[in-house]
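Input: a single structure, listed below in structure tokens.
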Amino acid sequence: MAQEPGATDPAEPGHTRPDPAKPEHTASASAPDTRPAPVELSDLAALKALAQPRRQWMLQHLTVHGPATSATLARALGLNTGATSYHLRELARYGFVEETGAAGHGRERWWRAVPGDRRFPPRSRQSPEMRLVMDELNHHAYAADLELFEQLQRDAADEPWADAFPYSRGTIRLTLPELHEFFEEYIALLNRYKRPEADTPADARTVLTRFLAFPAQAASAGAPTPATSPDSAPDSAPGSAPDTADDSDDGRETETP
């Protein structure tokens, strides 16, 4: 999903922390924390509403392009206005979108995405039914993200932002508490770069950010142990830079098979 300037994007409420029992990463006393308070999405009905692919498309459009009417969304996404109106009402029912209050033509209603730091429950606390819903939601979200990344990269051609598609693949060895702190620092970094619209430079563009981390499969008992660990002596794919624990995300592509 995505990030909206000023707050964590509602189109991707799916921040899942590895260990919610651990205290959140705290900023120094000299730098007050202005991040929005995290809100956990534990309502199964709300998750089911969000898992609908068309609603995810609509949320992403509202996040990237700003407020829109049901007719605007219908034209942009190739749907009919009856469908977009219904999906907007369902999203509004669970607090993901709201009317702007701006006057339109006739009965025209303008909608916007509601910002906030919304997070999914950790998988250890998800019921079997919730896990099915989450798996469906994530499947569509990951596929849509990859498709959009590839499409926008192709469409960028030779414009100045053609190199604005950095990504990095790396490995680090962490404990669960360290992974939790790593994630909170990532969220803090996003919020550090957010600012009011009035303070945003005219040449700035909305940048979609994604974070994905997962533990490698544990070695089975009796399995041969390599002479070196993956992060100490990585095998690099042809044409890529060696993978390190601190790969910079500056437009260079790094990967480990």
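Note that the coordinates shown come from a computational prediction; the quantities given were computed from them, not determined experimentally.
With sequence neighbours excluded, the residues satisfying side-chain hydrogen bond (donor to acceptor under 3.5 Å, both in side chains) with Glu136 are His140. With sequence neighbours left out, the side-chain contact (heavy atoms from CB on, under 4.5 Å) criterion links Ala71 to Thr69, Arg75, Thr81. In this structure, the side-chain contact (heavy atoms from CB on, under 4.5 Å) partners of Leu79, at least two apart in sequence or on a different chain, are Arg54, Leu77, Thr84. Residues passing the side-chain contact (heavy atoms from CB on, under 4.5 Å) test with Arg131, sequence neighbours excluded: Arg123, Gln126. Checked against salt bridge (Lys or Arg N to Asp or Glu O under 4.0 Å), Glu147 has no partners two or more places apart in sequence or in another chain. Under the rule for a side-chain contact (heavy atoms from CB on, under 4.5 Å), the partners of Glu178 that lie at least two apart in sequence or sit in another chain are Leu174, Thr175. Residues that satisfy the ring-ring contact (aromatic ring centres under 6.0 Å, His included) test with Phe149, not counting sequence neighbours, are Phe165. Under the side-chain hydrogen bond (donor to acceptor under 3.5 Å, both in side chains) criterion, Glu159 pairs with Arg205, sequence neighbours left out. A search for side-chain hydrogen bond (donor to acceptor under 3.5 Å, both in side chains) contacts involving Arg154 returns nothing, not counting sequence neighbours.
Among residue pairs with one or both ends in residues 51-89, those qualifying as ring-ring contact (aromatic ring centres under 6.0 Å, His included) are His61-His65; sequence neighbours excluded. For residues 81-96, the salt bridge (charged side-chain N to carboxylate O under 4.0 Å, His left out) pairs, not counting sequence neighbours, are Glu90-Arg93.
For the pair Glu99 and Arg109, the salt-bridge criterion is met [side-chain N within less than 4.0 Å of a carboxylate O]. Ion pair Arg192/Glu185 not flagged as a salt bridge, since none of the NZ, NE, NH1 or NH2 atoms sits closer than 4.0 Å to an Asp/Glu carboxylate oxygen.
Counting heavy atoms from C-beta outward, Arg118 and Phe96 have side chains that approach closer than 4.5 Å.
Environment of CZ in Phe182: sparse, with no more than 12 heavy atoms of neighbouring residues, nucleotides or ligands closer than 6.0 Å.
The backbone N or O of Arg195 lies less than 3.5 Å from no partner atom in the side chain of Asp199, so there is not a single donor-acceptor pair. Distance alone, capped at 3.5 Å, is enough to place a donor-acceptor pair between the Arg55 side chain and the Ala49 backbone.
The same ILVMFWY cluster, assembled from side-chain heavy atoms under 4.5 Å apart, contains both Tyr167 and Leu148.
If you chain together ILVMFWY residues whose side-chain heavy atoms come under 4.5 Å of each other, Leu132 ends up in a group of its own.
Here the straight-line distance linking atom CD1 of Ile172 with atom CG of Leu179 works out to 7.5 Å at 0.5 Å rounding.
The minimum heavy-atom distance linking Leu62 with Arg112 is given by the pair CD1-C, 4.3 Å.
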